[in-house]
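In what follows, chains are A, B, ... by sequence order, proteins preceding strands, each numbered from 1.
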Protein chains: 2
Amino acid sequence: MKIPKAGTPVRGSKSGKPIMVLFDLLGRRWALGIIWNLSTGPQTFRTLQSNCDSVSPTVLNTRLKELRECGIVINGESGYELTAEGEDLFTYLQPLGHWSQTWSHAAKLKDDQ
Amino acid sequence: MKIPKAGTPVRGSKSGKPIMVLFDLLGRRWALGIIWNLSTGPQTFRTLQSNCDSVSPTVLNTRLKELRECGIVINGESGYELTAEGEDLFTYLQPLGHWSQTWSHAAKLKDDQ
DNA sequence: CAAACATGCTACAATATCTGTAGCAATACA
DNA sequence: TGTATTGCTACAGATATTGTAGCATGTTTG
């Protein structure tokens, strides 16, 4: 899959608006999960794979390539890890953890009716 | 596609951890873009479609169904719009707009080297 | 009232993407 | 010289997305 790049057309924006480029990247299977998992620290390929619910190595490798290309992940000495930019991105994603909990709680209440 | 539901297995989590359920939902094509576009106010199906870079009606309708089912979008009088929960979710996504700009700027600088 | 539009949406075939399994090459022990 | 572990590729089958066509239901407009 083509690696999205700001300023060039992506799925979602012919003009390559940064937010759409980001959404194209993050909207790919496992991209968000990988970032979330890496936030706890560097991990080897296989550890990461196991933490990501045994995602297939094909996709994991593809996503890691894309995320590296985009400067969000780096392959360091202790394995794959978030770059400074990636860490920064994660701080913006983190609140979603809390939101998702109240959200799922609300859904459950609705279910129980 | 199956609608992800907290507490039940989803792609990314056999246990259905809320954040993974959310990531499953948001990781589908166009989900993030739809939420982003709806944040400016209610829109008809066709307007939304045109704002989403002419996404195919098939996917748009599928995503809208999922987002409605999950309580993020509602089909109101003036068209599709975010629910209170959806608006809340958007406030957490909004900072990504700014992040994506500095990110794409950084990528551009790197390019120019 | 009928013709002309707009809207929400479905059908369907062609593509693209993802999944799951197998397994190879390289390195690190034992 | 085994034996393990790691990072990753190959490949086929399953799923998801795209793109186009077009239908049914209103809503104007002449």
Side-chain angles (χ1 to χ4, degrees), chain A residues 1-5 8-14 20-21 23-38 41-70 73-82, chain B residues 1-5 8-14 20-21 23-38 41-70 73-82:
Chain A
M1 202 176 350
K2 203 177 138 195
I3 293 174
K5 202 163 120 192
T8 64
V10 293
R11 294 177 301 180
S13 167
K14 281 163 192 155
M20 288 302 158
V21 176
F23 283 173
D24 183 11
L25 186 67
L26 297 185
R28 295 173 187 194
R29 198 111 309 267
W30 275 110
L32 285 164
I34 289 171
I35 295 174
W36 194 264
N37 272 298
L38 282 183
Q43 289 170 52
T44 66
F45 188 94
R46 295 224 174 191
T47 307
L48 185 55
Q49 184 185 13
S50 126
N51 286 337
C52 287
D53 204 38
S54 299
V55 55
S56 83
T58 320
V59 176
L60 180 56
N61 190 40
T62 309
R63 280 306 90 81
L64 284 173
K65 263 184 202 163
E66 293 163 0
L67 292 171
R68 270 187 291 172
E69 185 77 21
C70 292
V73 163
I74 203 170
N75 192 356
E77 283 190 15
S78 21
Y80 288 99
E81 56 188 310
L82 294 177
Chain B
M1 202 176 351
K2 203 176 139 198
I3 292 174
K5 202 164 120 192
T8 63
V10 293
R11 296 176 302 178
S13 167
K14 280 162 192 156
M20 287 302 158
V21 175
F23 283 173
D24 184 11
L25 186 67
L26 297 185
R28 295 173 187 194
R29 199 111 307 266
W30 275 110
L32 285 164
I34 289 171
I35 295 173
W36 193 263
N37 271 298
L38 283 182
Q43 288 170 54
T44 66
F45 188 93
R46 295 223 174 195
T47 308
L48 185 54
Q49 184 185 13
S50 125
N51 286 337
C52 287
D53 204 38
S54 300
V55 55
S56 83
T58 321
V59 176
L60 180 55
N61 191 39
T62 310
R63 280 305 92 81
L64 284 172
K65 263 185 202 161
E66 292 163 1
L67 291 171
R68 268 187 293 173
E69 185 76 22
C70 292
V73 162
I74 203 171
N75 193 356
E77 283 190 15
S78 20
Y80 288 100
E81 56 187 312
L82 294 178

Quiz item: Taking only N and O in the side chain of Arg63(B), is any of them less than 4.0 Å away from OP1 or OP2 of dT17(D)?
Solution: yes
Quiz prompt | Separation of atom CG in Leu64(A) from atom C1' in dC8(D), rounded to whole Å | solution = 11 Å
Quiz item: Within this structure, what is the CE-to-C1' distance between Met1(B) and dT17(C), rounded to whole angstrom?
Solution: 11 Å
Exercise. For Thr44(B), report the nucleic acid contact type (base, sugar-phosphate, nothing); a contact means any heavy atom under 4.0 Å.
Key: sugar-phosphate
Quiz item: How long is the line joining CD of Gln49(A) and P of dC18(C), in whole Å?
Solution: 16 Å
Quiz item: Rounding to a whole Å, what distance do you find between Arg29(B):CZ and dT17(C):P?
Solution: 8 Å
Self-check item: Nearest heavy-atom neighbours spanning Pro42(A) and Ser78(A)
Solution: CB-O, 3.7 Å
Quiz item: Considering only dG19(D), dT17(D), dC9(C), which nucleotide approaches the side chain of Ser56(B) most closely?
Solution: dG19(D)
Practice problem: Begin with the C-alpha distance, continue with both residues' side-chain angles, and end with the deciding distance and a verdict on side-chain contact (heavy atoms from CB on, under 4.5 Å) for Met1(B) and Arg63(B). | Solution: CA-CA 10 Å; Met1(B) 202 176 351; Arg63(B) 280 305 92 81; 3.2 Å; yes
Exercise. Let me know, please, whether Asp53(A) or Gln43(B) comes out on the 5' side of the other along DNA chain C by nearest nucleotide.
Key: Gln43(B)
Quiz item: With respect to the phosphate group of dT10(C), does any side-chain polar atom (N or O) of Asn61(B) fall under 4.0 Å of OP1 or OP2?
Solution: yes
Practice problem: Over all heavy atoms of both residues, which pair between Arg29(A) and Val59(A) is shortest? Give the atoms and the distance, please. | Solution: O-CG1, 3.9 Å
Self-check item: Gap between atoms CG and C1', on Asn75(A) and dG7(D) respectively (whole Å)
Solution: 9 Å
Quiz prompt | 5' priority, DNA chain D, between Thr58(A) and Gly79(A) [closest heavy atom] | solution = Gly79(A)
Quiz prompt | CA sep, side-chain torsions, deciding dist, call: Leu26(B), Ile35(B), side-chain contact (heavy atoms from CB on, under 4.5 Å) | solution = CA-CA 9 Å; Leu26(B) 297 185; Ile35(B) 295 173; 3.8 Å; yes
Quiz item: Side-chain N or O of Arg11(A) less than 4.0 angstrom from OP1 or OP2 on dA16(C)?
Solution: no
Exercise. To the nearest Å, give me how far apart CG (Asn51(B)) and P (dT7(C)) are.
Key: 12 Å
Practice problem: Take the protein atom CD of Glu77(A) and the nucleotide atom P of dT6(D), then report the distance between them rounded to whole Å. | Solution: 17 Å
Quiz item: Which comes earlier along DNA chain C counting from the 5' end, the contact point of Tyr80(B) or that of Arg46(A), where each point is its nearest nucleotide?
Solution: Tyr80(B)
Practice problem: Describe the nucleic acid contact of Thr62(A) in one word from base, sugar-phosphate, nothing, applying a heavy-atom distance below 4.0 Å. | Solution: nothing
Practice problem: Rounded off to whole Å, could you give me the CG-to-P distance for the Leu48(A) and dC8(D) pair? | Solution: 11 Å
Exercise. Search all heavy atoms of Cys70(B) against all heavy atoms of Pro4(B) and return the closest pair with its distance.
Key: SG-O, 3.9 Å
Quiz item: With respect to the side chain of Val59(B), which nucleotide from dT10(C), dT9(D), dT18(D) is positioned closest?
Solution: dT18(D)
Quiz item: Is the base of dG19(D) touched by the side chain of Ser54(B) through a donor-acceptor pair closer than 3.5 angstrom?
Solution: no
